[in-house]
Amino acid sequence: PAGGLRDEAGDGVVYVEMVMAMRFAIIIEPSERNYSAYVPNLPGCVATGQTESEVKQHLQAAIDLHLTGLQEDGLVIPAPSSLCDYLEVE
């Protein structure tokens, strides 16, 4: 984990900010005109884009905003738990 030191209140008390990388499964779906994507472990976290690359960029921003909102509201950030696999059907 990376971290940073900061004196938020200017009172000499230093808080340690721990930043941990998280890896969430995402689902990208093409449509007739664009792509849409969502994060199964973060209900309501969605994005759209004209290309696959653009939708990934937009979803990254949406995830960042979603996680920041959860933190600001004092809510628990869910641990990534979705699995992705494929089944072959004949």
Side-chain angles (χ1 to χ4, degrees):
L5 301 177
R6 61 186 200 276
D7 181 1
E8 290 182 340
D11 57 6
V13 178
V14 176
Y15 298 88
V16 177
E17 179 181 334
M18 298 300 291
V19 179
M20 295 177 54
M22 300 178 90
R23 184 176 173 151
F24 288 98
I26 64 171
I27 306 298
I28 299 173
E29 299 176 328
S31 67
E32 288 183 26
R33 296 184 178 169
N34 65 358
Y35 289 84
S36 62
Y38 65 95
V39 185
N41 286 123
L42 301 174
C45 189
V46 300
T48 62
Q50 294 298 310
T51 65
E52 188 176 335
S53 176
E54 186 177 77
V55 77
K56 286 180 182 180
Q57 290 174 349
H58 291 178
L59 191 57
Q60 179 67 57
I63 291 169
D64 292 343
L65 184 62
H66 194 91
L67 296 180
T68 298
L70 289 174
Q71 279 185 315
E72 288 175 354
D73 291 344
L75 300 173
V76 175
I77 294 176
S81 62
S82 294
L83 302 174
C84 181
D85 204 350
Y86 292 88
L87 293 175
E88 192 169 321
V89 179
E90 294 183 28

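The shown structure was predicted, so the numbers you read here are calculated from the model rather than taken from an experiment.
Sparse packing is recorded around CG of Leu83, with 12 or fewer heavy atoms of other residues, nucleotides or ligands lying under 6.0 Å away.
With contacts defined as side-chain heavy-atom distances shorter than 4.5 Å, the pair Phe24/Leu67 qualifies. Considering only heavy atoms from C-beta on, Pro40 comes within 4.5 Å of Ile27 through its side chain. You'll find the side chain of Ile77 reaches within 4.5 Å of the side chain of Met22, heavy atoms only. At least one side-chain heavy atom of Val39 sits under 4.5 Å from a side-chain heavy atom of Leu59.
Ile28 and Ala37 get closest at one heavy-atom pair: CG1-CB, 4.0 Å. Arg33 and Gln50 make their closest contact through O-OE1, 3.4 Å (heavy atoms, listed as atom of the first residue, atom of the second, distance). The two residues His66 and Pro43 make their nearest non-hydrogen contact at CE1-O, 3.4 Å.
Looking at Asn41, its side chain does come within 3.5 Å of a backbone N or O of Ser81 through a donor-acceptor pair.
The distance from atom NZ of Lys56 to atom OH of Tyr35, rounded to the nearest 0.5 Å, is 10.5 Å. Between the CG atom in Leu70 and the CD atom in Glu72 there is a gap of 10.0 Å [rounded to 0.5 Å].
Grouping the Ile, Leu, Val, Met, Phe, Trp and Tyr side chains by contacts below 4.5 angstrom, directly or via other members, places Ile26 apart from Leu65.
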